Q: 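This is the structure, below, for whatever I ask next.
Owing to the predicted nature of the structure, the values given are computational and were not obtained by experimental measurement. Chain letters run A, B, ... following the sequence lines, proteins first and then strands; every chain starts at 1.
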Amino acid sequence: MKTLRRLFHRLTSWATSARDEEFLRAEFEEHIAMQTADNLRAGLSTSEARRQALLKFGNVEAMKESYRDQRGLPLTETLVLDTHHALRRLRKTPVFTAAVLLTLALGIGANTAIFAVIDSILIRPLPYPHAESLIRIGTAAPGLPGLPDSLGCSPSMYFTYREENRVFQYFGIWYVRGASLTGIAEPEQPRALFVTHGVLDALGVKPLLGRWFSEADDTPGSPETVMLTHGYWQRRFGGDTSIVGRTLTIDSRPRAVIGVMPADFRFQGDPELILPQRFERTGQSLGPFNSQGIARLKPGVTLEQASTDVARMLGIWLYAWPLPPGMDFTPFQNALLAPRVQPLKQDIVGNIGSTLWVVMGALGLVLLIACANVANLLLVRAEARQQELAIRAALGAGRGRIAREMLVESMTLGVLGGALGLGLASAALRLLVARGPDTLPRLNEIGIDPFVLAFACGVSVLSGAVFGVIPVLKYAGPRVATALCGVGRTFSHGRERHRVRNTLVVVQVALALVLLIGSGLMIRTFQQLRSVPPGFTHPEEIQILHSTIPESLAKEPERVMRLQHEILDRLAAIPGVVSVGFGDAAPLESFLRSGNPVYAEDITLTGGQVAPIRRTRKVAPGYFKALGTRVIAGREFTWTDLYEKRRVAIVSENLAREWWGAPGAALGKRIREAGPADPWREIVGVVEDVYDNGANVKPPEFAYWPALMDQYIWGGKDGAAVSFGMFAIRSSRTATEGLLAEAQQAIWSVNGRQPVFLITTLKTLYDQSMARTSFTLVMLALAGGMALVLGIVGLYGVIAYVVSQRTREIGIRTVLGAQPAEILATFVRHGLLLAGIGTALGLMAAAGLTRLMSSLLFGVTALDPVTYLAVSALLVAAAVLASYLPTRRAIAVDPVQALRAE
Amino acid sequence: MKDTDVRQGTLALMVLKTLEVLGPLHGYGIARRIEQISGDLLTVNQGTLYPVLLKLEQEGSIASEWGASENNRKARFYRLTRQGRKQLQAEARSWEQTAAIIERFFTAKAQDLK
């Protein structure tokens with residue numbers, strides 16, 4: 001109670017300190033006056049009476065000081081005062097301040113930005129209530145080589161899992177694809193999320209307007225419905241609340257809008273519309289596995305329990321449903337189907353973590369280098385203030401007081417730098433969200449939240465402490481005598497005085513080398529990726545468009561093909577178009593991939609062996625010519641092949657080599673897809689391998705079928721044609737408004753204004769396939785570049801400082817006849833020695849640290865000698881330059897001037 | 001630090017006692033009174049009294065107001081509050097006990113401790 005009361009008094013008197021000071025003086029004055037009066041009465045002379053009174057009272061200032069200490073909040077007051085002083089000192093040296101703040105802002109800003117990315121992608125939970133109990137359910141087929149790690153779920157699995165499970169609170173399956181929105185001025189192809197009943201329930205995000213899909217909405221025969229996401233509703237319908245109940249024509253069918261999702265609803269694939277799947281129960285077979293399973297676990301159920309339950313249900317499912325038409329049971333039996341159950345977050349985030357942590361580590365090193373630089377600048381500053389500090393120490397300022405003042409200055413710099421850095425980070429993040437790589441998951445969730453803010457504050461204060469404590473250790477100590485004796489630059493300073501600075505520079509050089517090697521390895525990786533022939537040429541010239549021939553226009557396969565052919569002809573007639581191709585997908589269009597077992601007539605599978613999964617693609621004549629895929633043996637398809645429904649095929653070189661040893665040997669052999677329902681087709685051509693999964697992955701083996709077939713395992717009784725197709729246009733006008741408009745007109749004139757979508761260039765797809773590498777490359781190159789500049793500036797600073805300290809000595813030596821070259825050599829040697837030690841340490845550190853990024857490399861090892869040598873040479877060359885420049889300036893000075901420069 | 005605390009504590013007790021005996025008094029008066037009684041404790045630095053007065057006031061043991069001194073100048077008069085009176089009694093008691101114990105220790109002879 002007593003303490004509280006005192007604190008309260010202290011607080012209030014802090015506020016009224018000026019008036020109190022006045023009173024205090026009056027009180028002291030009165031005290032002394034009374035004592036003087038008594039002394040006078042005792043018979044002392046006037047002056048002696050006052051002198052004695054003052055003596056008796058003691059040191060008035062000391063008394064006031066101790067009085068003040070008790071009265072206000074001394075620590076806070078001095079802190080405020082110190083900050084005030086620090087700010088004033090910083091204002092007086094604008095260049096120094098600007099240099100330090102810029103360095104820190106870059107360092108802290110970069111770290112804050114990448115931390116915000118890591119926070120929102122890896123740390124923060126998914127934006128759903130109790131997101132930890134959401135899981136993704138897929139299927140693994142370890143018995144079938146060539147399949148992706150995890151397959152999706154089939155509609156039949158949906159029925160089995162929903163009915164048989166013991167562990168799910170909600171379960172559903174979904175996929176995202178484009179859906180055409182017509183009947184409006186400009187037809188569109190919004191991204192549509194197709195869900196079964198249970199998906200939205202599992203996510204648990206309530207709609208903003210209207211309602212979710214009910215079980216009835218997901219049942220065939222009921223009125224068709226659709227929901228909008230917030231962004232699309234705003235963009236397309238201006239946020240009109242009367243949208244609920246209106247009807248939209250989607251995929252040529254009228255559907256009633258029943259609800260709008262809230263603005264913070266996020267989902268994979270960033271959908272714009274949400275539609276019910278409406279699976280028919282009858283007619284489902286085991287396949288196809290192209291939907292994603294999602295479930296919310298019942299409270300208390302673990303991942304293992306869920307996995308066990310799914311495994312049990314897989315056993316039921318395998319025997320409960322018919323085989324897909326034309327396929328036999330062997331592949332299913334041999335596939336060793338197993339559940340693949342993982343937390344939804346892990347599924348979404350994928351393996352981006354390794355990249356992000358490497359980048360964060362690199363930027364952390366940059367911040368360390370920046371701190372070392374700032375510490376160096378502060379050392380110089382403290383050195384210049386050494387006499388002042390010594391005098392203050394002599395006058396009684398405590399070590400702690402001086403240390404506190406210096407630390408306050410560093411902290412002020414740290415906090416100001418951090419504030420600027422936060423600004424930079426938020427700008428960088430806005431840029432990243434707007435233009436970042438699509439391969440970055442949860443991109444639209446990235447932003448600065450309180451956690452990131454706390455991180456930025458922590459990093460700022462910590463950096464302030466790190467670079468602040470070095471000058472404190474060196475200069476706040478009681479070294480009055482030395483500092484006062486060694487006035488000015490009368491002496492050249494001993495080696496010992498530069499030790500701290502030298503150490504800092506060595507550390508900087510070493511760290512910079514590590515970062516440069518990291519970025520060097522990424523550059524080499526990128527080079528290696530670029531040097532892989534991707535299976536197409538000049539992708540920047542290839543415009544890619546997709547469009548459909550709706551069933552309302554043509555149902556019969558040959559009719560569909562004729563229409564596509566007509567579009568092709570019209571596209572080819574556009575001025576500036578060199579060639580055109582048509583197929584069901586372009587290379588690298590990962591979302592349009594299809595794969596199935598492919599059998600060769602003359603290759604018999606022995607004992608339970610399963611045909612490996614090959615990638616299949618349906619193409620029209622000119623596809624390979626337009627893309628620039630070389631025909632190695634035989635020929636491309638011809639229109640005659642297509643219209644006469646000849647049973648022909650083309651395979652990739654690696655498939656031909658695997659089965660028949662040489663491309664030429666494959667010609668004339670016969671292959672078919674999936675099972676006996678597919679007819680044997682004769683191989684008429686072998687084409688170059690296409691790196692369809694990206695240049696860093698072994699190219700898949702391909703079987704190409706004609707875009708029009710009279711009989712196909714997945715087709716109807718009339719055969720099959722590609723109605724949902726891709727047009728590749730090779731032109732010098734690629735990606736121009738003009739070409740797109742003309743191409744759109746050409747397509748619309750045939751298919752009656754169906755939306756043209758997935759508009760891109762092959763170059764964009766190619767770049768996207770390397771997006772992660774180029775993202776890492778850019779980030780590491782930025783970090784490496786910053787590190788190089790900071791490290792070199794640090795080295796330059798040290799050499800320049802040493803030179804400036806020894807100007808007098810240089811003058812004397814010059815007068816005594818030393819050659820400029822010798823003097824130059826002395827300093828350059830000094831710089832080289834530092835750089836050399838730094839490089840040696842850096843090489844060792846790099847050998848250890850780059851191993852962490854080996855998963856990001858392609859075609860080079862983490863110990864690539866070329867990179868190590870080149871980067872070391874670069875750094876040493878820069879070091880020589882950084883030592884040479886300041887020295888040359890010093891020896892250019894007239895020796896007489898140098899001697900006078902006191 | 002420890003040393004000052006002890007001295008401050010002693011001084012505080014003297015201040016309280018002085019105010020109890022003499023009633024409201026200004027700083028100089030308190031100093032004089034303590035000096036008269038204690039002899040040399042305050043002869044070095046009368047000024048050290050003021051931080052003690054401040055502390056006591058902050059704790060609520062004494063209160064102060066501005067008034068006129070004997071020679072009609074503005075002076076700050078300190079007086080004991082009710083709480084100060086209680087504190088004085090409590091501390092005087094504990095001081096007496098302490099003093100008594102110390103006294104006994106110093107007068108005790110070796111044979112007394114057997």
Side-chain angles (χ1 to χ4, degrees), chain A residues 1-17 19-42 49-75 398 400, chain B residues 1 3-5 7-9 11-12 15-16 25-36 39-78 81 83-84 86-87 90-91:
Chain A
M1 187 59 214
K2 239 167 42 174
T3 334
L4 257 181
R5 192 199 291 252
R6 273 195 83 184
L7 182 67
F8 175 72
H9 273 282
R10 279 174 171 233
L11 275 171
T12 48
S13 56
W14 184 36
T16 60
S17 58
R19 222 185 58 215
D20 288 359
E21 197 83 346
E22 193 75 17
F23 284 146
L24 187 64
R25 205 170 40 232
E27 194 171 6
F28 283 8
E29 207 40 64
E30 179 56 22
H31 183 117
I32 290 161
M34 283 194 253
Q35 180 75 59
T36 311
D38 278 356
N39 286 352
L40 277 174
R41 241 171 279 147
R50 178 153 177 92
R51 203 179 74 86
Q52 287 293 341
L54 284 172
L55 274 178
K56 202 162 192 178
F57 190 83
N59 185 341
V60 178
E61 283 311 312
M63 220 51 66
K64 277 188 186 166
E65 189 70 32
S66 108
Y67 196 91
R68 278 184 215 122
D69 273 359
Q70 275 201 47
R71 198 194 49 221
L73 297 165
L75 189 67
Chain B
M1 218 39 211
D3 187 38
T4 0
D5 281 350
R7 267 210 333 255
Q8 274 207 351
L11 204 51
V15 169
L16 293 177
L25 207 58
H26 46 66
Y28 178 66
I30 300 172
R32 273 270 307 279
R33 167 75 181 172
I34 293 178
E35 200 180 289
Q36 279 167 7
D40 59 351
L41 183 65
L42 270 178
T43 47
V44 188
N45 276 341
Q46 287 180 344
T48 46
L49 184 63
Y50 286 92
V52 176
L53 286 171
L54 176 69
K55 180 168 175 272
L56 287 172
E57 192 174 4
Q58 282 175 344
E59 288 172 0
S61 305
I62 59 173
S64 73
E65 57 206 351
W66 290 87
S69 69
E70 301 93 81
N71 31 4
N72 263 331
R73 293 175 55 167
K74 219 169 81 163
R76 192 173 187 171
F77 282 86
Y78 296 89
T81 61
Q83 193 197 328
K86 265 192 277 176
Q87 194 193 340
E91 284 194 20

Q: CD/Gln35(A) to CZ/Arg32(B) distance, rounded to the nearest 0.5 angstrom?
A: 7.5 Å

Q: Which pair of heavy atoms, one from Met34(A) and one from Ala75(B), lies closest together, and at what distance?
A: CE-CB, 4.4 Å

Q: Could you tell me the separation between the OH atom of Tyr78(B) and the CD atom of Glu27(A), rounded to the nearest 0.5 Å?
A: 3.5 Å

Q: Over 60° means perpendicular and under 30° means parallel, so tell me whether Phe57(A) and Tyr50(B) are parallel, tilted or perpendicular.
A: tilted

